[in-house]
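In listed order, ligands and their atoms are each counted from 1. All of these numbers come straight from a predicted model, not from anything done at the bench.
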Amino acid sequence: KIKGRFQMTYEIKKYGEQVLKKKAEPVTEFGEGLKKIFDDMLETMYSFNGVGLAANQVGILKQMIVIDTAKEENRVILRLANPVVTSVSKEKVTYEEGCLSFPGIFEKIDRPSKITVEAQDPEGNKIKIEAEDFLAIVLQHEIDHLNGVVFIDRMSPARRIMHGKELKELKTETKNRIKDK
Ligand code: ZN
């Protein structure tokens, strides 16, 4: 008998795939099955050195995100179902963001520096998170994914134009990959 859980990694959906533009459905069933998906999402994220991942990015249209701020002083690991931003500060902060669905593209984005998020843990318990700076940014980036919003949608038009060529190439790559399947 094999003991322990085996971990699997998902394929990451890239820019050009429709699932990144779709809204995720609320999670209604909690428990072991859900925990396994969260753990596999974390494993996938670690394998690409990411700090956050939303379920849309692995082709699952459920409101689920994982975060591990490993490089920060206060390490936070989160597995959140149905996360919603319930308040934001007026004060903004700028971070250079990247996204596993947009390999090679990095850009400065302005977002509120402090936020409150209400969500549920993998058991379905309600939780409230007060986050600021880096954690607040990662949370907003991942929650955006659940609403079909990606970080290039948050770029200023000028900066988005600057990345025009890279984005076009990435989209073509994705199209060719889907076609080959
Ligand atoms: Zn992302």
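- Taking hydrophobic clusters as Ile, Leu, Val, Met, Phe, Trp and Tyr residues chained together by side-chain heavy-atom distances below 4.5 Å, Ile65 does not share a cluster with Leu42.
- Both Leu146 and Ile127 sit in one connected hydrophobic cluster of ILVMFWY residues. Membership requires side-chain heavy atoms under 4.5 Å apart, directly or through other members.
- Residue-and-atom listing of protein N/O/S atoms under 2.8 Å from the Zn ion (ligand 1), sorted by chain and number: Cys99 SG, His141 NE2, His145 NE2.
- Within the structure, ring pair (Phe, Tyr, Trp, His ring centres under 6.0 Å) pairs that include any residue of residues 124-148 comprise Tyr95-Phe134, His141-His145, His141-Phe151 (at least two apart or interchain).
- In terms of hydrophobic clustering, with Ile, Leu, Val, Met, Phe, Trp and Tyr side chains grouped at heavy-atom distances under 4.5 Å, Val149 and Ile60 are assigned to different clusters.
- Note: the hydrophobic cluster containing Val117 does not contain Phe30 (ILVMFWY, side chain heavy atoms under 4.5 Å, direct or indirect links).
- Taking hydrophobic clusters as Ile, Leu, Val, Met, Phe, Trp and Tyr residues chained together by side-chain heavy-atom distances below 4.5 Å, Ile67 does not share a cluster with Met45.
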